[in-house]
Protein chains: 2
Amino acid sequence: MKNAQEHLISKGIHPSHQRVAIMDYLLKHRTHPNVDEIYSALNESMPTLSKTTIYNTLKLFEEKGAVSSISIDEKNARYDAFTQPHAHFQCIQCGAIYDLDLNQEPTLSDETKSEFTILNTQIYYKGICPKCKTPEK
Amino acid sequence: MKNAQEHLISKGIHPSHQRVAIMDYLLKHRTHPNVDEIYSALNESMPTLSKTTIYNTLKLFEEKGAVSSISIDEKNARYDAFTQPHAHFQCIQCGAIYDLDLNQEPTLSDETKSEFTILNTQIYYKGICPKCKTPEK
DNA sequence: TAAAAATATTGTAATGATTACAAGTATTTA
DNA sequence: TAAATACTTGTAATCATTACAATATTTTTA
C-alpha cells in the first residue's frame with residue numbers, strides 16, 4: 001500500500017492534513033466511493049472536515065492526475081485512486097462498483113486516431129454482480 | 001431514415017403526438033441531445049410541450065429499449081436513438097459528442113464473463129475533436 | 001521572529017438537473 | 001356515451017455540485 005503523503009507529493013500536491021486523509025481513504029478503500037461516502041467515513045475522526053473541502057480536494061486531485069473520476073453512476077461522481085487503465089462494472093441491483101480487467105482493449109481505426117486526440121478512455125459495464133446472482137452464499 | 005411512429009410501435013410504445021415528435025427529433029438529429037436541447041427545438045412547433053413530458057418520455061423509451069442514455073457528460077444525460085453498440089467521444093473544448101466505430105471491441109476474460117452478467121456496455125473517449133484541432137478550416 | 005502574502009478550509013447560499021406529485025386532458029373500452 | 005385508463009402538464013421538492021465570502025493556516029520576506 002502506497003503512502004498517501006508521498007503519493008500526493010509525487011503528484012505535486014501539498015499534503016495538508018485533510019488531503020492526506022482523503023487520499024489515504026481512497027488508497028485503502030478501492031470501492032470507488034462518492035463524496036458522501038468519503039465524508040461519512042472521515043467525519044468520525046475529523047469532525048471539522050467540510051464537504052466543500054472534499055469537493056475541492058477531489059477536483060484538485062483529478063486536475064493533478066492523482067485520481068480519476070468515474071461517471072458510471074448517473075447520480076453522483078465516484079473516485080478511483082487507481083489510475084492505470086481498467087474497466088468498471090456497476091451492479092444494477094446493489095449498486096456496487098467493481099474493477100474489471102480487460103483481456104483486450106478496444107481499438108479505434110487509424111483514421112479515427114489521426115482525426116481525434118484521445119486523452120481519456122472510460123469503459124463501463126452494467127449488469128448483475130456475482131453476489132447478487134447467488135445471494136444465499 | 002426510419003419512420004418515428006412505426007419505430008415506436010415496433011418497440012411496443014403507444015405513438016402519441018408528443019412521443020412521435022421526440023422520437024422523430026432523435027432520429028433526425030444524431031447529436032446526442034440532452035433534455036434542454038430537445039425541449040428548445042420542439043418548443044417552437046409544440047408550444048404546450050412540457051419538460052416533464054420529455055423526461056417521462058425518454059425514461060419510457062429507455063425502458064422499452066428504444067433509446068439509450070449516455071452519461072459521458074457529467075452535467076446532463078444525453079440520448080441516442082441509435083442503439084447498436086458503438087463508442088462515444090466528447091470534445092473537452094466544444095462539448096460535442098461524436099459516434100466512433102470500434103475496430104475491435106473490448107473483451108473480458110471467460111472467468112469474468114461467467115461471474116458477471118453483462119447487460120450493457122458503454123465506451124467513452126474524451127479529447128479534442130477534429131474541428132477544434134484545426135479551427136480555421 | 002513578526003508582519004504580510006499566499007494557500008487551504010469552512011459554512012452557507014445559489015444553481016441546475018431531475019423527480020414527485022396532483023390535476024387536467026385525451027384516448028380507449030364497454 | 002359514460003367510465004376507466006393512459007398521457008400530459010405545471011409546480012414544487014430533492015439532491016449533487018458549485019459559488020462565494022469569511023476564517024484559519026502556512027509560507028515568505030524583511
Side-chain angles (χ1 to χ4, degrees), chain A residues 4-5 8-9 11-25 32-64 66-80 90 95 97, chain B residues 4-5 8-9 11-25 32-64 66-80 90 95 97:
Chain A
Q5 177 150 350
L8 291 181
I9 292 169
K11 296 284 183 178
I13 299 166
H14 178 80
S16 71
H17 186 42
Q18 290 86 341
R19 290 173 181 175
V20 171
I22 293 168
M23 179 53 79
D24 186 64
Y25 184 82
H32 314 86
N34 59 33
V35 168
D36 252 44
E37 285 162 358
I38 298 171
Y39 179 75
S40 304
L42 298 183
N43 203 40
E44 260 182 76
S45 53
M46 300 182 70
T48 65
L49 180 68
S50 94
K51 222 177 254 188
T52 300
T53 296
I54 299 178
Y55 276 103
N56 291 342
T57 300
L58 291 169
K59 192 178 179 185
L60 174 75
F61 285 3
E62 195 181 5
E63 282 165 8
K64 297 285 189 176
V67 303
S68 53
S69 87
I70 318 286
S71 63
I72 193 171
D73 182 342
E74 307 64 42
K75 300 286 178 189
N76 25 223
R78 294 177 168 273
Y79 292 88
D80 193 344
Q90 183 171 39
I97 295 173
Chain B
Q5 175 150 352
L8 292 180
I9 292 168
K11 295 285 183 178
I13 298 165
H14 179 79
S16 72
H17 187 42
Q18 289 88 340
R19 290 172 180 176
V20 170
I22 293 169
M23 177 55 77
D24 185 65
Y25 184 82
H32 315 85
N34 60 33
V35 167
D36 252 44
E37 287 162 358
I38 299 170
Y39 178 76
S40 304
L42 297 184
N43 202 40
E44 259 181 76
S45 54
M46 299 182 70
T48 65
L49 180 68
S50 95
K51 224 176 251 189
T52 301
T53 297
I54 299 177
Y55 277 104
N56 292 341
T57 301
L58 291 169
K59 191 177 181 189
L60 174 74
F61 285 3
E62 196 180 5
E63 284 165 5
K64 296 286 189 176
V67 303
S68 54
S69 87
I70 318 286
S71 62
I72 194 171
D73 181 342
E74 313 55 47
K75 299 286 178 189
N76 25 222
R78 294 178 166 274
Y79 293 87
D80 192 345
Q90 184 171 38
I97 295 173

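To find a chain, count down the sequence lines: A is the first, B the second, and so on, and within it residues start at 1. What you see is a predicted model, and the numbers here were worked out from it, not measured in a lab.
What separates CG of Leu60(A) from P of dT18(D) is a distance of 14 Å, to the nearest Å. Distance Glu74(A) CD to dC15(D) P: 17 Å, rounded to the nearest Å. Look at CD1 on Ile13(B): it is 11 Å from P on dT8(D), rounded to the nearest Å. The separation between Lys75(B) atom NZ and dA16(D) atom C1' is 10 Å, rounded to whole Å. In this structure, NE2 of His17(B) is placed 17 Å from C1' of dA6(D), rounded to the nearest angstrom. Computed from coordinates, the Arg19(A) CZ to dA24(D) P distance equals 19 Å when rounded to whole Å. When the P atom of dC20(D) is taken as reference, atom NZ of Lys59(A) falls 11 Å away, rounded to whole Å.
Side-chain N or O atoms of Arg19(B) include one that pairs as donor or acceptor with a backbone N or O of His14(B) at under 3.5 Å. Of the possible donor and acceptor atoms, one in the side chain of Gln90(B) sits under 3.5 Å from a partner among the backbone N and O of Gly95(B). In terms of modelled atom types and a separation under 3.5 Å, the side chain of Ser71(B) and the main chain of Glu74(A) share no donor-acceptor contact.
For the pair Asn34(A) and His14(B), both in contact range of DNA chain D, the more 5′-proximal nearest nucleotide belongs to His14(B).
A heavy-atom distance below 4.5 Å is found between the side chains of Ile54(A) and Leu58(A). Residues Asp36(B) and Asn76(B) fail the side-chain proximity criterion, which asks for heavy atoms closer than 4.5 Å.
Of the side-chain N and O atoms in Gln18(A), none sit less than 4.0 angstrom from OP1 or OP2 of dT25(D).
Defined by atom type and a distance below 3.5 Å, a donor-acceptor pair is present between the side-chain atoms of Ser69(B) and Glu62(B).
If you run side-chain contact (heavy atoms from CB on, under 4.5 Å) between Ile38(B) and each of Asn34(B), Val35(B), Leu42(B), only Leu42(B) comes through.
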**Message:** Set out, in order, the CA-CA distance, both residues' side-chain angles and the distance that settles side-chain contact (heavy atoms from CB on, under 4.5 Å) for Thr57(B) and Met23(B), then state yes or no.
**Reply:** CA-CA 9 Å; Thr57(B) 301; Met23(B) 177 55 77; over 6 Å; no
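Along DNA chain C, the stretch of nucleotides lying under 4.0 Å from any heavy atom of chain B spans, 5' to 3', dA17(C) to dT28(C).
Within 4.0 Å (heavy atoms only), Asn56(A) reaches at least one base atom of the nucleic acid.
Near-neighbour residues of DNA chain C inside residues 46-55 of chain B, defined by a heavy atom below 4.0 Å, number-ordered: Thr52(B), Tyr55(B).
Shown here for Pro33(B) and Glu37(B), the closest heavy-atom pair between the two residues is CA-OE1, 3.1 Å.
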